[in-house]
Protein chains: 2
Amino acid sequence: MPPKVKTEHEKQQLKTLIIDAGRELFVTKGVEAVSMREIAKQIGYSATSIYHHFNDKQDLLRSICHTDLAALASTFAAVMQITEPVERMIALGKAYANFALSHPNHYRLMFMTPHPADTAQEIQTKQNYSEQDAYFLLKTAVTAVYEAKRFKPELNDVNLIAQTIWAGMHGVCALHITMAQDASWIEWSDVQQRLQLMHMVLMRGLLRD
Amino acid sequence: MPPKVKTEHEKQQLKTLIIDAGRELFVTKGVEAVSMREIAKQIGYSATSIYHHFNDKQDLLRSICHTDLAALASTFAAVMQITEPVERMIALGKAYANFALSHPNHYRLMFMTPHPADTAQEIQTKQNYSEQDAYFLLKTAVTAVYEAKRFKPELNDVNLIAQTIWAGMHGVCALHITMAQDASWIEWSDVQQRLQLMHMVLMRGLLRD
DNA sequence: AGGATGAGTTAACACCGTTAACTTAACACC
DNA sequence: GGTGTTAAGTTAACGGTGTTAACTCATCCT
C-alpha cells in the first residue's frame, strides 16, 4: 500500500490498531511467542512499519500495559461510587481479583512482568494523570477508611496499608496464574475460596474489631 | 574435544555443570537474555552438546528450578527443628521471604514464571520425594498448628490455610520484585515493613485471639 | 576383530528483533 | 506550478536465536 500523510487522528487510530492486535496476540500466546512480523501480518502492514509508531517491542508492550491500566482504573472508578468506606475498599479488592482472574494473561503483562524503567517523560505523564491511576484510587479508598478511624489504632501509614492489601490480593492471583496448570502435585483448594479467605484475613488483620 | 564414554557419575557431573552455569547466567541476566550458545561457551562445550542432556531450553530451566526448590526445602528443613508450632510456622514464612528477597531472580524463575506442564514421570518423581518439598513442610507446620487448635475455630482446611499464608508472603515478595525498579511513581514503603505487616495480618487473621 | 552405542562436533534451518536504504504521496513555499 | 521536505510506508539485510541433521570417533560388547 502506498504511503499517505495522515492526520493526527488517523495516526492515533493506527497506533491503537497495533496495540489491539498486539494485546490480542500477546494475551493468547504469550509475549515471547509473538513476533513483530506476526502482529504486522494481523493488521496487514509490514513488520517494520510498527517501528514508525513504537521504538521497539518493549515500547509496544509498555503502551499496551499503560492502556490496560487505564481500563482497570476506569472499572475502579465505577466502584468508587460506593460511599461507605469499608464496603468500598472491599469492593475494590474484589474488582481487582475479578480483573486478574478473568484476564490472566493481561494481568501477567501488567503486574507480573517487569518493564524496564520508564523514561522521565513517561513518569511525568503518569503523575499528571494520576487520578486515572488504579493505585491512586485504592489509596484514596484506604485513606477514607483511615480517616473514619476504622483501622486498628497502631496502623497509621496509608501507603503501607494499601500496599499490603494489594500484595495480599496479588499473591493469591499471581500464584494461581503461575501455578494453575503446573504444580498439579499440590492439592490446590478452589481459587475463590482462597480469595475469600485472604479477604477475611486482610480485614480481620487490619480493621478494628 | 573428542568424545568419550562416561560413567553415570561423570554424566551427572556434566549435567550439574550445565545446570550451575545456566542458573548463574539466567539469574544475573534473565532467562530470555541468555542463549544456549552462551551457556555452552561458559563451560567450554559446543551449544548442541547441551541437547544431549536436556530436551530443550525449557527442560534445562525446569531442571534448574527443581534443583533450587530442593535447596529451599533444605533451608526449610532446618527451620522445622523448632518445636513450638506457631513459632515454627512464622519462622518458615520468614525463611521464605528471606530466600525470595536475597535471590530475586532465582525466585522469579521458581515462582513467577509458568513452566509448561511437567511430564507424568516428573510428577511421579516429585510425589515420591515430597518430603523434600518445601510446600510439604509448610503444610506439615500448618497441620501442627491446626492440631494444637491455635487457628480460629471456623478454619478447618489445612491446604487452604497453607496456601493463603503462601499467597500472602508471595504477594509481598513478587510485587516487590516486579515493581522494585519500575513504578517509581508509587511511594513504596520499605519492603521489610510490608513483610512485617503482612505477617501480622496473616497471624491476626488466622490465629485465635 | 568388528559392529553398536553414545558423547561430542560442525553445518545448517527457520525464525527473531531491528536497522538501512529506498519509494512515494502530501504538504510548504517561492 | 515546479520544487524541496517530510512522513509513512515498503523491501532487503544483519546478526543472533533455538533447534535439528549429519557426521566423528573413542569406547564397550560379543
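Throughout, a chain's letter reflects where its sequence line sits, starting with A, and its residues are numbered from 1.
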S.K.: Can you work out whether A/Val34 or A/His52 has the more 5'-proximal nearest nucleotide on DNA chain C?
M.R.: A/Val34
S.K.: Counting side-chain heavy atoms from C-beta on, which of D/dA8, D/dT19, C/dG8 comes nearest to B/Lys57?
M.R.: D/dT19
S.K.: Has A/Glu24 got more than 12 heavy atoms of other residues, nucleotides or ligands less than 6.0 Å from its CD?
M.R.: no
S.K.: Does A/Gln193 CD have over 12 foreign heavy atoms under 6.0 Å away?
M.R.: yes
S.K.: If only side-chain N and O atoms of A/Ser46 are considered, is one of them under 4.0 Å from the OP1 or OP2 phosphate oxygen of D/dT10?
M.R.: yes
S.K.: Checking A/Met112 against B/Met112 for the side chain to side chain contact (heavy atoms under 4.5 Å, CB included) test, could you report, in this order, the C-alpha distance in whole Å, the side-chain angles of both residues, the deciding distance, and whether it holds?
M.R.: CA-CA 7 Å; A/Met112 299 167 64; B/Met112 298 167 64; 5.8 Å; no
S.K.: Kindly say whether, by distance alone, the side chain of B/Arg37 makes a donor-acceptor pair under 3.5 Å with the base of D/dG16?
M.R.: no
S.K.: Taking any strand in view, what nucleotide pairs with C/dC30 in a Watson-Crick or G-U wobble way, both distances under 3.5 Å?
M.R.: D/dG1
S.K.: Return no unless some side-chain N or O of B/Thr48 is found under 4.0 Å from OP1 or OP2 of C/dG8.
M.R.: no
S.K.: OP1 or OP2 of D/dT17 less than 4.0 angstrom from a side-chain nitrogen or oxygen of B/Ser35, does that happen here?
M.R.: yes
S.K.: For a side chain to side chain donor-acceptor pair (under 3.5 Å) check, start with the C-alpha distance between B/Asp59 and B/Tyr51, then their side-chain angles and the critical distance, and finish with the verdict.
M.R.: CA-CA 10 Å; B/Asp59 188 30; B/Tyr51 289 86; over 6 Å; no
S.K.: Within the structure, does a side-chain N or O atom of A/His53 lie under 4.0 Å from either OP1 or OP2 of D/dG9?
M.R.: yes
